[in-house]
Amino acid sequence: MKRQLLPLALACALVPAVAQADEPRIAYQKFELPNGLKVYVIEDPKAPTVYEVLWFEVGSKDEVANRTGFAHLFEHLMFKGSAHLPDGLMDRLLESAGGWSNAFTSSDMTVYQNVAASNFLEQILWMEADRFAGLLDTFDKPKLDNQRDVVLNERRQRYENVPYGMAWEYLAEALYPKDHPYAHTAIGSPKDLQAATLADVRAFFQQFYVPANAVLTVVGDQEIAKTKALINTYFGSIPGGSRAATPAGGAPPKREPVHLATSDDKAKLPRVTLAWHTPALYTPGDAELDLLSTVLTDGKTSRLYEPLVYRSKLAKDVSA
């Protein structure tokens, strides 16, 4: 046995130590326009495309009582035409340049993304600035009514009429007091959306959709000096406004254990959700918990999937 172990021990000793990976570094340029718009530009010529992302610090956390769903509503309205872009033209122009457009809303932010061939960069910036500065020029009650109906239908499709769809609403209500900024979901309340007036929605846009409350990022095959000049040309004249104030926190998040059981006649199997308050995004502990969630449920050999789904067949699926 000793003769067999010795080569193994020597082999182990000869394995080089794993080098620690260098922290990735992104060569970016940052500047700020006089109106408060923060801009990040990254030159990356590996592919002949450009990505433009406009980030607004407004989400469902910024909505007031009885007026929920406004942040998500504007995610839709921003695609319905502006001063010089009739409804649908932006998508057709981007697609003709091999690109696409998308957006998302969360508790904390609303983000718009445009992608196209790099020779289309100036048109992308012009279109983004036009709907930023000129959305309200064409905003009227028929447009509001149309997109209100779209959002209400989305709520029915994603929340009310699918198995487990209301789980996220129940979870938010269980984790946070009623007056807490995170106590409701971004989709909003049907009652609030139906009660929203043209003046209500217009005031929300005027408060939050301003350069001082936004960050613009352009990444891809470009010349930074030219991109800076284009950004100044198209965004520089938009009135700055003010950065959104941090919403009042209301009562602290609930810390005592909460047990909630609900019935769902659309679900064929029971589902169990366990939730804890965790560190905020990008704060100490957040990355470690992302790693932990991967270890727990990413792949069929993960710590929870393998025993619960594959071996004991107690669950159909598991995620973290």
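Quick note: residue numbers are just sequence positions, from 1.
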Any ion pair linking [Y] and [X] (charged N to carboxylate O, less than 4.0 Å)?
X	Y	result
Arg155	Glu169	yes
Arg67	Asp192	no
Asp140	Lys143	no

Within-4.5 Å side-chain heavy-atom neighbours: [X] and [Y]:
X	Y	answer
Met127	Leu93	yes
Val218	Val53	no
Met78	Tyr209	yes
Leu54	Val111	no
Pro247	Asp62	yes
Ser60	His184	yes
Asn114	Trp100	no
Leu216	Tyr40	no

Does [Y] offer a backbone N or O that forms a donor-acceptor pair with the side chain of [X] under 3.5 Å?
X	Y	result
Glu288	Gly285	yes
Glu63	Phe70	yes
Thr138	Gly134	no
Ser302	Leu296	yes
Asn213	Phe208	yes
Lys268	Pro163	no
Asn35	Pro239	no

Nearest heavy atoms of [X] and [Y], plus distance in Å:
X	Y	answer
Ala183	Ala172	O-CB, 3.9 Å
Asp286	Pro279	N-CB, 4.2 Å
Ala47	Asp221	O-CB, 3.3 Å
Val162	Asp264	O-OD2, 4.3 Å
Leu135	Arg131	CB-O, 3.1 Å
Leu152	Pro190	CD2-CA, 3.7 Å

Does [X] [atom1] have over 12 foreign heavy atoms under 6.0 Å away?
X	atom1	result
Arg202	CZ	yes
Leu314	CG	yes
Glu223	CD	no
Lys226	NZ	no

### Query
Does Leu281 sit in a hydrophobic cluster with other residues, and if so which ones, taking ILVMFWY side chains as linked at heavy-atom separations under 4.5 Å, directly or through other members?
Tyr282
[atom1]-[atom2] distance between [X] and [Y], expressed to the nearest 0.5 angstrom:
X	Y	atom1	atom2	value
Gln123	Glu128	CD	CD	14.0 Å
Arg303	Leu308	CZ	CG	13.5 Å
Gln113	Ser101	CD	OG	8.0 Å
His76	Glu154	NE2	CD	4.0 Å
His180	Lys178	NE2	NZ	15.5 Å
Asn102	Leu94	CG	CG	11.5 Å

For the residue pair [X] and [Y], confirm or rule out a side-chain donor-acceptor distance under 3.5 Å.
X	Y	answer
Tyr182	Asp108	yes
Asp200	Thr197	yes
Glu75	Thr105	yes

Mind telling me whether [Y] and [X] have parallel, tilted or perpendicular rings, with 30° and 60° as the class edges?
X	Y	answer
Trp126	His84	tilted
Phe79	Tyr112	tilted
Phe74	Phe205	tilted

I'd like to know if [Y] and [X] are part of one continuous hydrophobic network [Ile/Leu/Val/Met/Phe/Trp/Tyr, side-chain heavy atoms within less than 4.5 Å].
X	Y	value
Leu292	Val318	yes
Tyr170	Ile187	yes
Val151	Leu198	yes
Val309	Tyr164	no
Phe31	Ile238	yes

### Task
May I have all residue pairs that pass side chain to side chain donor-acceptor pair (under 3.5 Å) and include part of residues 229-241, sequence neighbours excluded?
Glu122-Tyr234
### Pairs where residues 304-320 contributes a residue and the test side chain to side chain donor-acceptor pair (under 3.5 Å) is met, not counting sequence neighbours
Glu306-Arg311
### Task
Report the C-alpha distance between Phe139 and Leu144 in whole Å, list the side-chain angles of each, state the deciding distance to 0.1 Å, and finish with yes or no for side chain to side chain contact (heavy atoms under 4.5 Å, CB included).
CA-CA 7 Å; Phe139 182 55; Leu144 171 60; 4.0 Å; yes
### Task
Please lay out, stage by stage, how Thr227 and Leu121 fare under the test side chain to side chain contact (heavy atoms under 4.5 Å, CB included).
CA-CA 8 Å; Thr227 299; Leu121 175 59; 3.5 Å; yes
### Message
Before you tell me yes or no, could you show the steps for Val41 and Val39 under side chain to side chain contact (heavy atoms under 4.5 Å, CB included), namely the whole-Å CA-CA distance, both residues' side-chain angles and the distance that decides it to 0.1 Å?
### Response
CA-CA 7 Å; Val41 182; Val39 183; 3.8 Å; yes
### Query
Are the aromatic ring centres of Phe104 and His72 under 6.0 angstrom apart?
no
### Query
Is the gap between the ring centers of Phe56 and Phe132 under 6.0 Å?
yes
### Partner of Tyr51 under side chain to side chain contact (heavy atoms under 4.5 Å, CB included), chosen from Ile124, Thr217, Val115, Ile42
Val115
### Message
Does Val50 form a side chain to side chain contact (heavy atoms under 4.5 Å, CB included) with Phe120? I'd like the steps, not just the answer.
### Response
CA-CA 8 Å; Val50 286; Phe120 203 70; 6.0 Å; no
